[in-house]
Peer 1: 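Just dropping this structure here.
Since the structure is predicted, the reported quantities are computational estimates derived from the model, not experimental observations.
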Amino acid sequence: MGAVPESVMLGGGFYSRHSQPQRAAARAADAWLVEAATAVPLPEAPTPLLIGDFGCAGGANEMAPMAAAVDAIRARNGAVPVEVAHTDLPENDFGPLFALLESPDGYPAGRTGVYPYVVGRTLYGPLFPDRRLHLGWSAITLHWLSESPAGVPGRTYPNLMSAEQVEPFRARAEQDWRLFLAERARELVDGGELVIVAGASRPDGTSGAEGLFTMIDEELAALVAAGTLRPQESERIVYPTYNRTPAEWTAPVAECGFDLLATELSHTDDAETYGGTADGAAFAERYLPFVRAVTERPFFRWLDPDRTDQQRTEILEAFYGGLAARIAADPASAACRWHVVSLRLRRKPR
């Protein structure tokens with residue numbers, strides 16, 4: 001099996017309702033986004049200032065950061081029109097984002113001269129014309145790969161793979177990151193900025209999610225042993241991410257046209273986000289929807305094409321039911337303590 005394209009999150013608003021860990025992690029760079037909005041060059045009238053939101057999913061986690069950025073820009077010039085381009089894959093369900101933008105919770109509410117739109121293309125490629133972008137934001141997206149390398153039997157998570165097994169993921173991640181930086185460097189005006197928050201690994205190679213993914217691997221193996229999942233299906237299942245170390249994140253920044261203004265490695269604790277692990281069953285009930293939101297499509301697109309809808313439903317319910325039992329039995333091990341990198345980058349003068 002060769003590489004396959006990117007995967008999207010569950011639609012219908014499910015991901016938006018169950019993405020609290022992503023927002024908790026992104027808060028690490030909220031202040032940097034405001035600082036960047038106060039520093040980027042303002043365009044000459046009547047050209048609008050353009051903010052790029054890279055990887056919007058259903059939009060629930062985009063409203064507060066975009067509101068803060070728009071307000072910081074408007075504090076400098078109350079008349080400048082602001083465009084906000086929300087980007088994601090063509091297969092993404094943009095419906096919940098559109099609904100939010102029209103609701104009282106949307107950042108356009110109470111703000112005039114704000115023009116949101118969407119771009120349905122991969123962020124690992126061109127999105128805007130040369131020197132058109134002023135400010136970019138990407139939160140908990142850039143550890144996802146543009147293509148998924150072949151799966152590794154018994155290992156869904158790259159951080160649990162051997163050095164040899166993880167090499168295709170590392171190489172893909174390096175190419176993706178350089179391509180993202182090159183395209184944004186082309187699109188940004190001189191002095192424009194990017195603020196990025198993404199999944200990361202500590203220098204020792206741990207990401208903080210190893211406990212959860214060990215349980216996932218064990219549950220998949222149990223389904224194969226029970227005859228519910230076919231061996232070839234299990235061997236294809238992979239979580240198509242790569243959590244770069246701080247050194248891997250910063251290595252190509254300068255040569256791709258950016259000054260590194262700030263970087264930080266922090267962490268968030270899903271046990272805190274979901275109310276603690278003292279009651280294992282209650283924690284599992286609260287936590288499982290988040291796990292399902294980020295794994296169902298990446299994992300179960302690999303089921304054999306001859307599977308009926310009923311079989312697919314039965315496999316999903318068996319997997320997530322079994323995983324819930326494992327989480328309930330050992331919630332402290334299941335709760336991820338995500339390592340997160342934040343970067344603030346400024347486009348060098350050409």
Peer 1: Taking the side chain from Arg337 and the backbone from Gly208, do they hold a donor-acceptor pair closer than 3.5 Å?
Peer 2: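 Not confirmed, Arg337 side chain does not pair with Gly208 backbone.
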Peer 1: Quickly, which of Glu83, Glu183, Glu187 forms a salt bridge (charged side-chain N to carboxylate O under 4.0 Å, His left out) with Arg132? Name it, please.
Peer 2: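 Result: among Glu83, Glu183, Glu187, Glu83 is the only option passing the salt bridge (charged side-chain N to carboxylate O under 4.0 Å, His left out) with Arg132.
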Peer 1: With sequence neighbours excluded, what pairs up with Pro65 under the side chain to side chain contact (heavy atoms under 4.5 Å, CB included) test?
Peer 2: Arg23, Asp30, Leu33, Trp137
Peer 1: We want to know whether His143 and Asn243 form a side-chain donor-acceptor pair, criterion being a heavy-atom distance below 3.5 angstrom.
Peer 2: no
Peer 1: Mind checking side chain to side chain contact (heavy atoms under 4.5 Å, CB included) for Glu35 and listing every partner two or more places apart, or none if nothing turns up?
Peer 2: Trp32, Arg344
Peer 1: Can you name the salt bridge (Lys or Arg N to Asp or Glu O under 4.0 Å) partners of Arg346, sequence neighbours left out?
Peer 2: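 With sequence neighbours excluded, Arg346 shows a salt bridge (Lys or Arg N to Asp or Glu O under 4.0 Å) to Glu193, given in chain and number order.
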Peer 1: Can you find a pair of side-chain heavy atoms, one from Leu181 and one from Glu255, that are under 4.5 Å apart?
Peer 2: no
Peer 1: Enumerate the ring pair (Phe, Tyr, Trp, His ring centres under 6.0 Å) contacts for residues 205-262, please, sequence neighbours excluded, ordered by first and then second residue.
Peer 2: Trp144-Tyr239, Tyr157-Phe213, Trp177-Trp249, Phe213-Tyr239
Peer 1: When you compare the side chains of Thr87 and Asp53, does any donor N or O come within less than 3.5 Å of an acceptor on the partner?
Peer 2: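 No, no side-chain donor-acceptor pair sits under 3.5 Å.
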Peer 1: Once side chain to side chain donor-acceptor pair (under 3.5 Å) is applied, do any residues pair with Asp259, and if so which ones, sequence neighbours excluded?
Peer 2: none
Peer 1: Test of understanding: with side chain to side chain contact (heavy atoms under 4.5 Å, CB included), list the residues that count as partners of Ala318, not counting sequence neighbours.
Peer 2: Leu223, Thr228
Peer 1: Please indicate whether Gln311 has more than 12 foreign heavy atoms, meaning atoms of other residues, nucleotides or ligands, lying under 6.0 Å from its CD.
Peer 2: yes
Peer 1: I'd like to know if the side chain of Arg184 reaches the main chain of Leu123, judged simply by a donor and an acceptor atom lying under 3.5 Å from each other, with no hydrogens or angles considered.
Peer 2: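 Side chain of Arg184 to backbone of Leu123, a donor-acceptor pair under 3.5 Å: yes, one is there.
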